[in-house]
Amino acid sequence: MDPIYVFHHIPRCGGTSCKQALRQWFNVIGDYRGEWSEEATQFFVGHPKNLSDLTSNDVLSGHFELPGAFIDERYPEIFKDERYRLITFIRNPLDVALSIYWYMVANEQSHDSPYFQADPEKSIAGQNNFIGNILRCNLTNYKEVLSRYWFIGLFENLQESLDLLAKKVGKPAVDLPHLNQATKEYELSKNAREGFHEKNVIDF
């Protein structure tokens with residue numbers, strides 16, 4: 001049976017660039033909420049895509065980061081049928097936290113996070129296992145959860161990861177576009193780095 005691809009787009013892990021590359025190989029079907037309102041979110045959570053409509057020429061792409069719409073809740077069949085090939089990219093957790101901060105600053109979205117503070121160090125101190133929470137990992141099940149993914153690329157080796165993915169899906173290699181970049185150079189204090197590590201053990 002032909003495979004069906006699903007891209008778990010974890011925010012601030014190079015997913016926007018990867019999605020552009022995936023468009024060179026597949027028809028990308030977005031599964032994202034269109035607005036941030038409570039009404040729009042509730043509608044989104046209650047209306048998943050019909051996976052039976054997907055073919056091997058498609059890739060379903062979404063963040064799957066909301067309660068009620070985590071990937072194992074929204075599409076539990078993905079983990080029961082081997083024809084579904086789940087793809088994601090992950091990144092150093094501290095870099096993710098800083099990228100989230102600078103993204104919110106650049107897009108004036110500080111009101112979207114209860115943890116946001118003007119001081120980057122205070123702001124990232126409120127983040128707790130961002131990646132692990134989206135993947136639904138804890139210190140007991142993380143190996144099992146990660147084993148469900150057919151391909152996990154690394155942001156730090158994005159082009160190399162994408163080249164490997166091209167081979168696995170049997171598609172020509174593409175040069176990775178760099179889109180939606182938000183990270184700035186910022187030197188955190190030693191205390192801030194150590195505190196973040198302690199609070200984000202699952203992610204690391």
Walk me through it: do Ile29 and Asp53 pass the test side chain to side chain contact (heavy atoms under 4.5 Å, CB included)?
-> CA-CA 11 Å; Ile29 298 174; Asp53 292 337; over 6 Å; no
Would the Tyr32 and His9 ring centres measure less than 6.0 Å apart?
-> yes
Below 6.0 angstrom between ring centroids: does that apply to Tyr5 and Trp150?
-> yes
Using 4.0 Å as the upper bound for N to carboxylate O, is an ion pair formed by Asp72 and Arg136?
-> yes
Taking the side chain as everything from C-beta on, heavy atoms only, tell me whether [X] gets closer than 4.5 Å to [Y].
X	Y	result
Cys18	Phe7	yes
Pro11	Ile134	yes
Ile152	Leu146	yes
Leu188	Leu94	yes
Asp95	Glu156	yes
Ile202	Asn128	no
Ile124	Ile100	no
Phe151	Leu164	yes

Show your working on side chain to side chain contact (heavy atoms under 4.5 Å, CB included) between Leu162 and Asp175 and close with a plain yes or no.
-> CA-CA 9 Å; Leu162 199 65; Asp175 290 330; over 6 Å; no
Minimum heavy-atom distance between [X] and [Y], given as atom pair plus value:
X	Y	answer
Arg12	Ser99	NE-OG, 3.0 Å
Val174	Asp163	O-OD1, 4.2 Å
Ser61	Lys19	OG-CD, 3.4 Å
Gly126	Lys199	CA-NZ, 4.0 Å
Ile10	Phe130	CG2-CE2, 4.4 Å
Phe204	Pro93	CE2-CD, 3.6 Å

Does [X] [atom1] have over 12 foreign heavy atoms under 6.0 Å away?
X	atom1	value
Tyr142	OH	no
Phe43	CZ	no
Glu77	CD	yes

Under 3.5 Å, side chain of [X] to main-chain N/O of [Y], donor-acceptor pair present?
X	Y	answer
Ser161	Leu154	yes
Glu35	Thr41	no
Asn138	Asn141	yes
Asn200	Phe196	yes
Tyr75	Lys49	yes

Atom [atom1] of [X] and atom [atom2] of [Y]: how far apart are they, to the nearest 0.5 Å?
X	Y	atom1	atom2	answer
Arg85	Ile4	CZ	CD1	11.0 Å
Asp2	Asn57	CG	CG	8.5 Å
Phe79	Glu144	CZ	CD	10.0 Å
Leu158	Ser17	CG	OG	6.5 Å
Asn92	Asp203	CG	CG	9.5 Å
His8	Asp31	NE2	CG	10.5 Å

Under 6.0 Å from the six-membered ring centre of Trp36 and within 45° of its axis: does the NZ or CZ of Arg33 meet both?
-> yes
May I ask you to establish whether Lys171 and Phe26 are in a cation-pi arrangement, using a distance under 6.0 Å from NZ or CZ to the six-membered ring centre and at most 45° from the ring axis?
-> yes
Is Phe70 reachable from Val145 through a run of hydrophobic residues whose side-chain heavy atoms are each under 4.5 Å from the next?
-> no
Tell me, with the steps shown, if Leu165 and Ile87 meet side chain to side chain contact (heavy atoms under 4.5 Å, CB included).
-> CA-CA 9 Å; Leu165 179 58; Ile87 298 165; 4.0 Å; yes
Assess the side chains of Asp58 and Asn27: does a donor N or O sit below 3.5 Å from an acceptor N or O?
-> yes
Looking just at side-chain N and O atoms, do Ser52 and Asn50 make a donor-acceptor pair shorter than 3.5 Å?
-> yes
Stepwise salt bridge (Lys or Arg N to Asp or Glu O under 4.0 Å) test for Glu187 and Arg193 | CA-CA 10 Å; Glu187 186 64 32; Arg193 292 196 304 272; 3.4 Å; yes
Excluding sequence neighbours, so at least two apart, what forms side-chain contact (heavy atoms from CB on, under 4.5 Å) with Ala69?
-> Phe44, Val45, Leu66, Arg74
